[in-house]
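What you see is a predicted model, and the numbers here were worked out from it, not measured in a lab.
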Amino acid sequence: MSSLFVPTLKENPQEAEIASHSLMLRAGMIRQLSSGVYIFLPLGLRTLNKITKIVKEEMDRAGGQELLLPALHPGELWKETGRWEIYGPELIRLKDRRDRDFCLGPTHEEVITDLARREIRSYRQLPLLLYQIQTKFRDEIRPRFGVMRAREFIMKDLYSFDRDFEGLRVSYEKMYNAYCRVFSRCGLSYKIVLAESGVIGGEVSHEFLIPADSGEEKFLVCPACDFGTTQEEAKCPNCGDSLEEKRGIEVGHIFQLGTKYSESMKAYFVDKDGEEKPLIMGCYGIGIGRTMAAAIEACHDEKGIQWPLSISPYEVVIIPVNWRKAEQRKAAEEIYQELKKRDFEVVIDDREFSAGYKFSEADLIGFPLQVIVGEKMSQEGKIEIKIRQNNERWETKKEEVLTLLLKLKEELAPKV
RNA sequence: CGGGGCGUGGCGCAGCCUGGCAAGCGCACUCGCUUGGGGUGCGAGUGGUCGGCCGUUCAAAUCGGCUCGCCCCGACCA
């Protein structure tokens, strides 16, 4: 850890009001550049990349193909769908040197539909699921809570193209299930609710929420059945019970768009019967940075972050309590090498700080597994292992550390 | 956009109301010793155009005007 760039803060930063924002700053994961614009430091980026990896694996599993669309969009495309006006001041606009209109993409329906209309000719090319993980720009009225509502943020967006509504339903369901897997694999409990589709447009839409008091999204749930919705006027269609209002963080949103964009942008294909028809579309988003913040909202205590193992920046920290004791240093180093060999993501706290300092910082950063090499090593050859999540502690012989860690890792892995 | 708050070494704050004494405290940082199972202890140091501009005054961190930035609540939004 002596060479890692992890600038931690002892005190609560003045600008942070909610736990995740404060802890991301304090644990040295992010820094603010400007209102709603954040730097991801090495530790923060590791978690971001882990979530990204899970998302990609699940998108691929569901038949998605990754591509990369530009962030810089020609204004004409947005004028074509009318969203140049509709999107309002939230759309960041700019002009090139020849005075042509451009904008920074807040979402990519226009660009993907433009691609689709140029490349998709036949029903034989369908269904098609294309996705990207990319930076979006939205000039929010009020950015807040750190990366939770930022003006520049990383999002996974997938677009589905089908020949008919039955196909759309199949694609939608695939995504619905993929989203369940994504959030489960991130170690999060989530709630799926019926949602309004807003400026994106379309018919059916569901939101994936992480329940949290600090969440900005209000939703109604039925305590008896599993029904949930964001719509105020909803009448519990499943059973007669009255709905409870709760708050959550919207980490994912899936939409059945239908022909909204394919009609307005003339994205047609030729169906089996020889007729030209509009592509039936769906779009599906996951806020990557927001998922990270939501995970911290859901998993923290007064000491710091309690990362779910699957998205923690590192899995294990090894803390030699007294760096001056050669046998502790040596044992720590040996365990480190052994774990490295078995592909653990591990760091060793090789700094000459006091034990308390290192413990506090390990808890702040939230390493799920902590290997503590202390006096018992010197005297009895024993190592302590602590689970951050529940503060469970295990003592074992040095030779057994790897075996125990493999077992604990297995136990901590989310069941999907 | 309406309402509220903040801006003083890297971080967290005091000082401002009631102008003047040397711009202070804690943390961090550097050096020395000390300590090493829950942010060790002691000592000595480094570092600040008090967000910016204009004004009032013999004198401005402090009073007035303008401005920039940041945060919170609301409306709005994925």
Side-chain angles (χ1 to χ4, degrees), chain A residues 7-18 21-22 25-26 28 31-38 86-91 105-109 136-151 153-157 193 195-202 205-209 214-218 230 248-255 283-291 294 302-304 319-325 328-329 349 351-365 370-379 382-384 386 391 393 395:
Chain A
T8 57
L9 304 171
K10 193 169 179 174
E11 287 172 287
N12 200 32
Q14 174 204 299
E15 71 262 28
E17 288 289 318
I18 64 168
H21 187 194
S22 171
L25 288 164
R26 288 189 54 205
R31 284 294 181 266
Q32 184 180 60
L33 181 62
S34 172
S35 179
V37 183
Y38 286 84
I86 295 166
Y87 227 93
E90 201 171 309
L91 189 64
T107 177
H108 281 71
E109 285 81 8
K136 309 287 189 205
F137 297 86
R138 296 184 191 175
D139 196 354
E140 288 288 339
I141 296 174
R142 186 153 84 84
R144 63 184 118 177
F145 302 148
V147 301
M148 197 75 88
R149 176 172 298 278
R151 295 196 294 176
F153 60 99
I154 297 172
M155 182 169 161
K156 183 285 302 180
D157 46 328
V193 303
E196 299 172 62
S197 44
V199 70
I200 303 287
S205 128
H206 286 89
E207 282 183 24
F208 287 70
L209 300 165
S214 58
E216 293 185 81
E217 190 76 354
K218 287 182 198 159
T230 60
I249 300 160
E250 182 192 352
V251 288
H253 202 153
I254 59 179
F255 303 85
C283 73
Y284 316 83
I286 292 178
I288 306 289
R290 188 182 279 184
T291 298
E302 64 290 340
K303 290 178 183 168
I319 304 176
V321 170
N322 189 340
W323 187 247
R324 275 205 221 140
K325 297 267 171 82
Q328 291 186 18
R329 267 209 316 271
D349 197 341
R351 302 172 300 178
E352 293 190 50
F353 293 148
S354 69
Y357 184 94
K358 290 189 275 197
F359 291 149
S360 299
E361 201 154 271
D363 286 347
L364 173 64
I365 293 169
Q370 303 178 6
V371 176
I372 301 161
V373 185
E375 268 311 294
K376 286 209 174 118
M377 177 62 225
S378 314
Q379 276 150 30
K382 287 209 172 159
I383 306 289
E384 183 179 331
K386 173 181 147 181
N391 208 34
R393 284 157 197 270
E395 238 175 50

Please evaluate the base of [N] for a donor-acceptor partner in the side chain of [X] within a cut-off of under 3.5 Å?
X        : N      : result
A/Glu11  : B/rG26 : yes
A/Gln14  : B/rG7  : no
A/Asn322 : B/rG37 : no
A/Glu216 : B/rA78 : no

What contact category does [X] fall into here, base, sugar-phosphate, or nothing, at under 4.0 angstrom with non-hydrogen atoms?
X        : result
A/Asn12  : sugar-phosphate
A/Ile319 : nothing
A/Ala150 : base
A/Gly285 : nothing
A/Arg393 : base
A/Arg26  : base
A/Lys376 : nothing

Taking the [atom1] atom of each, how far is [N] from [M], in whole Å?
N      : M      : atom1 : value
B/rG52 : B/rA44 : P     : 32 Å
B/rA28 : B/rU40 : P     : 8 Å
B/rG10 : B/rC29 : C1'   : 9 Å
B/rG20 : B/rU57 : C1'   : 12 Å
B/rG24 : B/rU67 : C1'   : 29 Å
B/rG51 : B/rG9  : P     : 7 Å
B/rG41 : B/rG36 : C1'   : 12 Å
B/rU30 : B/rG74 : P     : 43 Å

Strictly below 4.0 Å, N to O, side chains only: are [X] and [Y] in salt-bridge contact?
X        : Y        : value
A/Lys386 : A/Asp363 : yes
A/Glu216 : A/Arg144 : yes
A/Glu384 : A/Arg393 : yes

Between [atom2] on [N] and [atom1] on [X], what's the gap in Å once rounded to a whole number?
X        : N      : atom1 : atom2 : answer
A/Lys156 : B/rA78 : NZ    : C1'   : 13 Å
A/Leu9   : B/rC13 : CG    : P     : 12 Å
A/Arg144 : B/rC6  : CZ    : P     : 21 Å
A/Tyr357 : B/rG37 : OH    : P     : 17 Å
A/Glu250 : B/rA78 : CD    : P     : 8 Å
A/Phe145 : B/rG74 : CZ    : P     : 8 Å
A/Leu364 : B/rG38 : CG    : P     : 18 Å
A/Phe255 : B/rA78 : CZ    : P     : 7 Å

**A/Lys218 (side chain) donor-acceptor with A/Thr230 (main chain) under 3.5 angstrom** =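 No, A/Lys218 side chain to A/Thr230 backbone: no donor-acceptor pair under 3.5 Å.
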**Prompt:** Counting only N and O atoms by type, is there a donor-acceptor contact under 3.5 Å from the side chain of A/Arg151 to the main-chain atoms of A/Asp139?
**Reply:**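 Looks like no, no N/O pair under 3.5 Å.
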Return the pairing partner of [N] with a 3.5 Å limit on both distances, Watson-Crick or G-U wobble; otherwise return none.
N      : answer
B/rC1  : B/rG74
B/rG64 : B/rC54
B/rC6  : B/rG69
B/rC29 : B/rG45

Under 4.0 angstrom between [X] side-chain N/O and [N] OP1 or OP2:
X        : N      : answer
A/Gln32  : B/rC71 : yes
A/Ser34  : B/rC70 : yes
A/Arg142 : B/rC73 : yes
A/Ser35  : B/rC71 : yes

**Asked** Mind checking whether A/Leu364 and A/Lys303 have side chains closer than 4.5 Å, heavy atoms only?
**Response**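 A side-chain contact is absent here, since even the closest heavy-atom pair is not under 4.5 Å.
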What's the closest nucleotide to the [X] side chain, out of [options]?
X        : options                : result
A/Glu140 : B/rG12, B/rU35, B/rC77 : B/rC77
A/Asp363 : B/rC71, B/rG38, B/rG37 : B/rG38
A/Ile141 : B/rU40, B/rG36, B/rA75 : B/rA75

**Asked** Can a cation-pi geometry be assigned to A/Arg351 and A/Trp323, taking NZ or CZ under 6.0 Å from the six-membered ring centre and within 45° of the ring axis?
**Response**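 Cation-pi check for A/Arg351 and A/Trp323: fails.
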**A/Phe208 ring center near A/His206 ring center (under 6.0 Å)** =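 Between A/His206 and A/Phe208, which both carry aromatic rings, the centre distance is not below 6.0 Å.
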**Request:** Identify, between A/Lys386 and A/Arg290, the residue whose nearest nucleotide on RNA chain B lies closer to the 5' end.
**Result:**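 Here A/Lys386 is the residue nearer the 5' end.
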